[in-house]
Amino acid sequence: MATTSAAQAVLRSNSSVEGLEFYFGRSSRYEALLVKDAIPQDAIPVTPVTQAGLEALALEPLHAGWVRTSKFKAKAGEVCLLPSAQGSIARVLLGLGPSAAGGEPWPFAALAKLPGGTYRLEAVAAGAAEGADEAVAAAAAAVADRAALGFLLGHYAFERYKGLASGPGATATADSAGAATASGAAVESGEPEAKARLVWPAGCNRTHVTALARGFVWARDLITTPAEDLGPQHLAAEAAALATLHGASFRLLQGEELLEHNYPAIHTVGRASYRPPLLATLEWSPPGAEAAAGAAGAEPLPVLALVGKGVCFDTGGLDLKPAASMKNMKKDMGGAALVLALAHAVMAARLRCRLRVLVPAVENAVAGNAFRPLDVLQTRAGITVENGNTDAEGRLILADALADALGRDSRRATATTADNFQLPDLLIDAATLTGAARVALGADLPAVFANDDETWRALEAAAAATGDPVWRLPLHAPYRKSLDSKIADLSSTGAGDGLAGAIIAALFLQEFAKGAPRWLHIDTNAFNVGGAVGPGRPEGGEAQGLRALFAMLTERYGAAA
């Protein structure tokens with residue numbers, strides 16, 4: 001695979017995106033709030049406690065009385081500050097709810113709102129002590145990971161357009177002020193209040209926690225940003241920055257280059273915007289993987305392919321959305337943000353796989369050259385598609401990217417004619433694809449479609465363990481006939497009667513995912529709203545399913561040596 005310098009060289013050759021990256025380098029902005037050194041002697045202990053364990057908690061009479069007076073019930077995320085005789089904080093009780101086994105990090109997000117100072121998790125440190133029973137230690141380590149991640153995400157805020165962070169030149173100043181506060185520097189009058197800091201919990205996998213935290217922060221920033229400041233080229237620049245950090249190769253095709261290299265559907269959907277449509281591709285292998293693969297008899301690493309829908313704004317095209325439906329369409333690149341965040345976690349953890357990431361990015365705009373209802377589109381796979389609705393554009397750009405991920409190119413006789421092509425062991429695509437999935441499952445629960453039961457069960461188990469729920473919907477084969485077209489190979493929307501919209505869209509994508517031994521399609525809302533909003537989860541962009549997907553991939557591939 002390419003080195004870091006090679007990735008930088010590729011980026012320089014695509015001058016139209018150079019310098020447009022804004023968020024990736026800022027995704028680590030909260031990490032200084034986790035203390036890496038030995039536990040400070042004056043760190044305030046924090047005791048996570050379940051509702052069932054509250055009665056058994058051994059407290060001195062003063063603190064027991066205060067718990068009763070404050071009516072602390074150990075609800076998830078509920079905090080009780082226990083005073084010292086001098087009036088300072090002697091100890092913190094953190095409610096976990098009915099059980100500590102839920103897997104969610106969100107109760108720990110409440111710790112971010114504690115008064116400025118340094119805190120340490122008491123119970124987690126004891127549970128992960130050396131010599132503990134293996135199962136107990138593993139459980140304690142899982143809690144430690146959740147605590148650290150929840151704490152970091154509890155500090156998250158989208159601040160690009162507020163105060164010091166309102167301009168590119170001032171953002172560094174704002175970040176520097178935050179870092180100074182996090183490192184314990186004195187806070188001058190008029191500067192932000194000192195933030196709570198947490199000692200890294202014992203047994204915590206710092207690599208995984210840091211990777212996930214950066215992924216969440218990055219994805220949230222991208223999704224929440226208005227389309228004026230996050231068009232296709234900005235999104236490509238973010239992907240290029242990711243490639244540079246991890247020494248991955250990076251390729252960018254945009255505008256007429258898409259037609260030259262046979263990505264006609266991506267071009268057609270995005271051609272009406274003044275910002276050209278594009279396809280950003282990233283490829284990576286763990287350091288040393290190529291040398292290991294060259295050894296006699298060595299098996300090549302499995303390929304993990306990730307595809308993310310990057311519609312940076314969706315007007316609906318000529319089938320124009322009503323104002324209320326169009327208002328939040330800056331989030332229509334949420335699938336791309338999710339797979340980029342997941343790719344970062346995979347590379348940071350050095351999972352034992354070859355990674356290929358494809359992000360088709362467009363604006364679905366209205367102009368004289370916009371594609372129309374009932375136009376017939378060409379695709380990379382050679383399948384012609386009758387367009388049923390210009391507002392069903394996401395599946396069209398994914399079609400070209402999925403075909404590429406599987407080595408399908410209608411200009412080649414077979415997929416195997418591609419240089420060094422290796423069929424993906426696992427293909428995952430993510431997209432804010434259908435309103436029908438939201439109607440069926442609500443805004444908080446991503447829909448999942450799978451062509452392989454074993455792969456679904458692995459994701460389901462990971463979702464349960466991490467408290468990151470997803471829900472499977474069926475690839476109901478009898479509905480496939482509704483995608484038949486009288487004048488093309490395939491219709492993009494079928495009958496258009498509004499029934500089973502999420503399933504119909506998934507069945508459409510399945511036509512382009514044929515040949516994948518294992519394929520997962522994630523239909524996500526990519527936004528925290530309503531009941532999902534809470535500590536660690538402010539209203540705005542969200543990488544829904546990121547924790548579950550990363551846990552599944554870690555279990556499947558493991559870390560490279």
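Numbers here simply count residues along the sequence, with the first being 1. Since this is a predicted model, take the numbers as computed values, not measurements.
- You'll find the side chain of Arg206 reaches within 4.5 Å of the side chain of Trp200, heavy atoms only.
- Side-chain N/O atoms of Glu542 and Asn528 include a donor and acceptor closer than 3.5 Å.
- A side-chain donor-acceptor contact under 3.5 Å links Lys309 to the backbone of Thr432.
- In terms of modelled atom types and a separation under 3.5 Å, the side chain of Arg438 and the main chain of Thr434 share a donor-acceptor contact.
- There is no side-chain donor-acceptor pair under 3.5 Å between Arg518 and Thr455.
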Enumerate, atom names and distances included, each donor-acceptor pair closer than 3.5 Å involving a side-chain atom of residues 145-153, sequence neighbours excluded.
{"unit_1": "Asp145", "atom_1": "OD1", "unit_2": "Asn205", "atom_2": "N", "d": "2.8"}
{"unit_1": "Arg146", "atom_1": "NH2", "unit_2": "Ala100", "atom_2": "O", "d": "2.7"}

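- Between Pro107 and Glu78, every side-chain heavy-atom pair lies at or beyond the 4.5 Å cut-off.
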Verdict with supporting geometry, Glu283 and Leu355, side-chain contact (heavy atoms from CB on, under 4.5 Å): CA-CA 6 Å; Glu283 295 186 0; Leu355 179 65; over 6 Å; no
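- Distance alone, capped at 3.5 Å, places no donor-acceptor pair between the Ser88 side chain and the Ser84 backbone.
- Put simply, the side chain of Asp468 gets close to the backbone of Arg547: a donor and an acceptor are under 3.5 Å apart.
- Put simply, the side chain of Asp523 gets close to the backbone of Leu433: a donor and an acceptor are under 3.5 Å apart.
- Classification of the Tyr23-Phe158 ring pair by plane angle, with boundaries at 30° and 60°, yields tilted.
- The two residues Leu94 and Ala110 make their nearest non-hydrogen contact at CD1-CB, 4.3 Å.
- Classification of Asp453 and Arg472 as a salt-bridged pair holds, one side-chain N sitting under 4.0 Å from a carboxylate O.
- For the pair Trp218 and Glu238, the minimum side-chain heavy-atom distance is below 4.5 Å.
- Within 6.0 Å of atom CD in Glu555, 12 or fewer heavy atoms from other residues, nucleotides or ligands are found, so the atom counts as exposed in its surroundings.
- Closest approach of Met347 and Ala248 over heavy atoms only: SD-CB, 4.4 Å.
- Nearest heavy atoms, Pro287 versus Trp284: CD-CZ2, 4.3 Å.
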side-chain contact (heavy atoms from CB on, under 4.5 Å) evaluation trace for His208 with Thr554: CA-CA 10 Å; His208 287 191; Thr554 301; 3.8 Å; yes
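- Between His521 and Phe449, the ring planes lie parallel to each other; the angle is under 30°, not in the 30° to 60° tilted range.
- Rounded to the nearest 0.5 angstrom, Cys80 SG and Leu54 CG are separated by 9.0 Å.
- Thr524 places no side-chain N or O within 3.5 Å of a backbone atom of Pro446 that could act as its donor or acceptor partner.
- Without hydrogens or angle criteria, Glu21 side chain to Gly25 main chain gives a donor-acceptor distance under 3.5 Å.
- Considering every non-hydrogen atom in both Ser28 and Arg214, the closest pair reads CB-NE, 3.4 Å.
- Residues Tyr156 and Tyr30 form a side-chain contact, since some pair of their non-hydrogen atoms from C-beta on lies under 4.5 Å apart.
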Tyr119 vs Val199, side-chain contact (heavy atoms from CB on, under 4.5 Å): CA-CA, chis, key distance, verdict: CA-CA 6 Å; Tyr119 300 84; Val199 175; over 6 Å; no
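- Here the shortest heavy-atom pairing between Ala405 and Leu358 reads CB-CD1, 3.9 Å.
- No donor-acceptor distance shorter than 3.5 angstrom exists from the side chain of Asn451 to the backbone of Leu520, with no hydrogens or angles considered.
- Just one of Arg26, Lys330, Arg29 meets the salt bridge (Lys or Arg N to Asp or Glu O under 4.0 Å) condition when paired with Asp221; it is Arg29.
- To the nearest 0.5 Å, the span separating CZ on Arg197 from CG on Leu111 amounts to 14.5 Å.
- A donor-acceptor pair shorter than 3.5 Å cannot be found between the side chains of Trp519 and Gln510.
- At distances below 3.5 Å, not a single donor-acceptor pair connects side-chain atoms of Glu539 with backbone N or O atoms of Val529.
- Between Phe550 and Thr466, every side-chain heavy-atom pair lies at or beyond the 4.5 Å cut-off.
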Derivation and outcome, side-chain contact (heavy atoms from CB on, under 4.5 Å), residues Phe108 and Leu96: CA-CA 8 Å; Phe108 296 95; Leu96 298 181; 3.7 Å; yes
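- In this structure the side chain of Ile89 never reaches within 4.5 angstrom of the side chain of Leu82, judged on heavy atoms.
- Phe24 pairs in a side-chain contact (heavy atoms from CB on, under 4.5 Å) with only one of the listed residues (Leu340, Leu245, Val217), which is Leu245.
- Summarising the geometry, atom CH2 belonging to Trp106 is positioned 6.0 Å from atom CZ belonging to Arg537; distances are rounded to the nearest 0.5 Å.
- Among all heavy-atom pairs drawn from Ala450 and Leu475, the shortest one is O-CD1, 3.4 Å.
- For the atom pair CG (Leu230) and OG1 (Thr225), the distance works out to 5.5 Å, reported to the nearest 0.5 Å.
- Trp456 places a side-chain heavy atom less than 4.5 Å from the side chain of Val448.
- The distance from the CG atom of Leu427 to the CZ atom of Arg356 is 10.5 Å, given to the nearest 0.5 Å.
- Pro83 has its side chain within reach of His63: a pair of non-hydrogen atoms, C-beta onward, lies under 4.5 Å apart.
- Distance CG/Leu93 to OG1/Thr47: 6.0 Å, rounded to 0.5 Å.
- Within the structure, salt bridge (Lys or Arg N to Asp or Glu O under 4.0 Å) pairs that include any residue of residues 99-109 do not occur (at least two apart or interchain).
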Side-chain atoms of residues 70-77: list all donor-acceptor pairs with protein atoms under 3.5 Å, sequence neighbours left out, distances to 0.1 Å.
{"unit_1": "Ser70", "atom_1": "OG", "unit_2": "Trp66", "atom_2": "O", "d": "2.9"}
{"unit_1": "Ser70", "atom_1": "OG", "unit_2": "Val67", "atom_2": "O", "d": "3.2"}

